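Okay, handing you the structure first.
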Amino acid sequence: MSFVRKIEVEGRLSIPKELRDRRHIYCGSELIIKTEVDKLILIIPQSNCILCCKNTGSKLIDFKGKIVCYQCLKMVKANSTALEKKLKNYLIRQAEPLI
């Protein structure tokens with residue numbers, strides 16, 4: 001995949017949204033710029049979890065397009081299940097006749 005972009009007057013270079021989304025580059029993300037003879041190389045450093053902001057190394061997971069650590073994902077799934085049960089119980093109570 002390659003893109004052609006012009007350098008703006010201020011010296012900025014825009015990265016296409018499709019590429020940013022695919023590589024999980026968000027506003028404020030840091031990129032390492034490396035130079036070789038006739039190349040500029042952008043390197044994406046290891047990301048952090050979007051929920052706890054910790055970098056847990058290899059335990060980061062792409063969850064619906066977001067970087068989440070295993071512990072946070074486990075917590076979200078557990079809370080999601082608990083909320084689902086509460087909602088079902090609430091709906092069952094609402095459906096019961098009052099008489």
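All figures in this text were calculated on a predicted structure; none of them were measured in a lab. We number each residue from 1, following the sequence as shown.
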(request) Using the rule that two of Ile, Leu, Val, Met, Phe, Trp, Tyr join whenever any of their side-chain heavy atoms come within less than 4.5 Å, decide whether Leu19 and Ile43 are in one cluster. (result)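 Cluster IDs for Leu19 and Ile43 differ.
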
(message) Using a 6.0 Å cut-off, check whether atom CZ of Arg20 has over 12 heavy atoms from anything other than its own residue.
(response)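 Yes, CZ of Arg20 has more than 12 neighbouring heavy atoms, counting only those of other groups under 6.0 Å.
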
(message) Taking the side chain as everything from C-beta on, heavy atoms only, tell me whether Ile41 gets closer than 4.5 Å to Ile33.
(response)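 Of all side-chain heavy-atom pairs linking Ile33 with Ile41, none is under 4.5 Å.
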
(message) Leu13 and side chain to side chain contact (heavy atoms under 4.5 Å, CB included): which single residue from Lys6, Arg5, Glu8 fits?
(response) Arg5

(message) Membership question, hydrophobic clusters at under 4.5 Å side-chain separation (ILVMFWY): are Ile25 and Phe3 in the same one?
(response) yes

(request) Kindly compute the distance separating CG (Leu31) from CD1 (Ile44), expressed to the nearest 0.5 Å. (result) 6.5 Å

(message) Using side chain to side chain contact (heavy atoms under 4.5 Å, CB included), reason through Arg12 and Ile7 one step at a time and then give a plain yes or no.
(response) CA-CA 6 Å; Arg12 289 182 267 197; Ile7 304 291; over 6 Å; no

